[in-house]
Amino acid sequence: MAPQPTPAVRVQAEDFDLGREQALLTRGRRDIGALVSFLGLCRDEDGALEALELEHYPGMAEAEIRRVADEALERWPLQGLTVIHRFGRIQPGEQIVLVLAAARHRADAFAAAAFLMDFLKTRAPFWKKERRADGASGDWVSAKSEDEAAADRWR
Amino acid sequence: MAPQPTPAVRVQAEDFDLGREQALLTRGRRDIGALVSFLGLCRDEDGALEALELEHYPGMAEAEIRRVADEALERWPLQGLTVIHRFGRIQPGEQIVLVLAAARHRADAFAAAAFLMDFLKTRAPFWKKERRADGASGDWVSAKSEDEAAADRWR
Amino acid sequence: MKALYFAWVRERIGLAEEEIAPPREVVTVRELIEWLSARDEGYAAAFANPATIRAALDKTHAGPDAPIGAAREIAFFPPMTGG
Amino acid sequence: MKALYFAWVRERIGLAEEEIAPPREVVTVRELIEWLSARDEGYAAAFANPATIRAALDKTHAGPDAPIGAAREIAFFPPMTGG
């Protein structure tokens with residue numbers, strides 16, 4: 001067995017670049033067979049949304065993502081794992097979150113990326129507030145029961 | 001309902017760029033919430049493999065990928081779909097196949113990308129021959145029963 | 001100990017963080033919520049529906065029955081909506 | 001009609017493509033395989049195990065019982081290993 005890779009976890013205000021992260025994960029590697037990426041983007045909700053304000057709990061956000069990443073590494077034989085989550089003001093069309101999972105076989109990479117997203121949604125300490133295009137003060141986004149259900153399917 | 005997007009399907013000898021394909025699919029869009037990519041890479045099989053020769057059936061390869069892509073569009077509400085499959089000589093570490101699926105919600109994007117890969121494996125007319133590093137003439141890669149099983153789970 | 005508040009918990013209380021010194025009989029997260037709720041209307045509003053409150057002790061999720069113990073930091077927040 | 005051969009089917013037959021003119025009594029893909037197998041050792045070796053042979057009529061997958069009909073192109077190949 002190859003040693004478990006160290007997940008790359010970043011919580012940042014700045015944008016990120018999928019192509020660059022892919023290159024960092026695969027550069028010089030000849031043993032990776034499958035790389036699955038999930039990119040979460042800010043939707044404009046048919047024009048109703050001006051921006052999201054993403055609040056987070058510094059320190060715990062990184063720690064919690066790292067715990068979920070370590071759990072993914074125990075469940076699936078992965079060769080690399082990158083998770084980036086932004087905070088601050090994010091406008092429609094902008095990127096919010098990236099998960100990259102590399103494995104020898106595609107089923108492991110798909111499962112790990114889906115697992116990461118389901119658990120980030122319900123466990124990572126981030127909260128979204130909507131700024132509405134009509135100038136009305138927006139609301140905090142409510143947690144969805146379907147996200148809880150999605151996380152429960154891995155138990 | 002938004003009109004169904006036209007899948008971008010390419011069968012080519014040249015390499016491709018994930019970041020560029022992501023940009024093409026998402027540029028100017030503010031309605032995409034999730035983008036899942038699958039990238040298949042050539043593994044060196046612990047040094048035993050020098051290269052893969054990928055043979056394909058020109059015309060049918062594009063047509064068959066397009067049929068699978070259209071089926072994915074009927075099953076899931078997608079906002080964009082890109083499939084690129086290379087042929088010719090491919091060395092370890094190089095890219096073979098890319099699937100990009102964009103949707104409002106992550107479950108649809110994940111399912112469509114996994115479905116595309118399972119069906120490309122069993123239906124798209126490509127055949128891999130191994131060139132071995134020890135100079136021995138290599139063999140045609142055998143189809144895996146697990147790939148058939150993976151495709152069957154969508155029936 | 002340091003108490004941190006996030007999202008609408010922070011907005012209702014009107015503070016992002018503060019030092020608190022709960023009495024010895026406040027043992028669990030739930031009891032700390034009750035103790036804070038009694039402070040004023042802001043705290044009462046923030047903790048009005050305990051089912052919607054999540055807590056973390058020293059940056060690790062903690063349920064309502066978790067003992068506060070020697071934690072140096074406790075955080076209260078709504079269900080997470082990241083990702 | 002045009003016959004195309006791919007991968008080890010092509011290697012065993014020794015041809016990538018050829019024009020074929022099967023007689024009228026050859027109706028299905030299976031019967032065309034039997035007719036081709038009788039030609040020489042290369043064809044016989046290529047089609048020795050019909051379970052490993054896939055076929056396409058005019059660039060669409062076709063099972064062994066599919067009628068050849070008016071197809072202008074038939075292709076024979078092993079199970080696919082792309083992706």
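Just so it is clear, the values below take in all heavy atoms, side chains as well, and ignore hydrogens, waters and symmetry mates. Sequence lines set the chain letters: A, B, ... in the order given, protein chains first and strands last, and positions in each chain run from 1. In this text the structure is predicted, and so the values were computed from the model without any measurement.
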Quiz item: With a 4.5 Å heavy-atom cut-off, do Thr81(C) and Lys144(A) have their side chains touching?
Solution: no

Exercise. Counting only heavy atoms closer than 4.5 Å, note whether Lys121(A) contacts chain C via side chain, backbone, both or neither.
Key: both

Quiz item: Roughly how far, to the nearest 0.5 Å, is the CZ atom of Phe6(C) from the NE2 atom of His56(A)?
Solution: 8.0 Å

Quiz item: Looking at CH2 of Trp127(A) and CZ of Arg54(C), how far apart are the two atoms once the value is rounded to the nearest 0.5 Å?
Solution: 11.5 Å

Quiz item: Where the side chain of His85(A) meets the backbone of Gly83(C), is there a donor-acceptor pair that is under 3.5 Å apart?
Solution: yes

Exercise. Side chain from CB out, backbone as N, CA, C, O: work out which of these in Thr60(C) comes under 4.5 Å of a heavy atom of chain A, or both, or neither.
Key: both

Practice problem: Under 4.5 Å, counting heavy-atom pairs only, tell me which of Ala7(C), Pro79(C), Ala75(C) racks up the most with chain A. | Solution: Ala7(C)

Practice problem: Please indicate whether Arg153(A) has more than 12 foreign heavy atoms, meaning atoms of other residues, nucleotides or ligands, lying under 6.0 Å from its CZ. | Solution: yes

Self-check item: Minimum side-chain heavy-atom gap Trp140(A)-Glu11(C) below 4.5 Å
Solution: yes

Exercise. Determine whether His61(C) and Arg123(A) make a side-chain contact, defined as any pair of heavy atoms from C-beta on separated by less than 4.5 Å.
Key: yes

Quiz item: Counting heavy atoms not belonging to Glu41(C), are there more than 12 under 6.0 Å from its CD?
Solution: no

Quiz prompt | Nearest atoms (heavy-atom pairs only) where Met80(C) meets Ala143(A) | solution = O-CB, 3.9 Å

Quiz prompt | Closest contact, heavy atoms only, Pro58(A) versus Lys59(C) | solution = O-CE, 3.4 Å

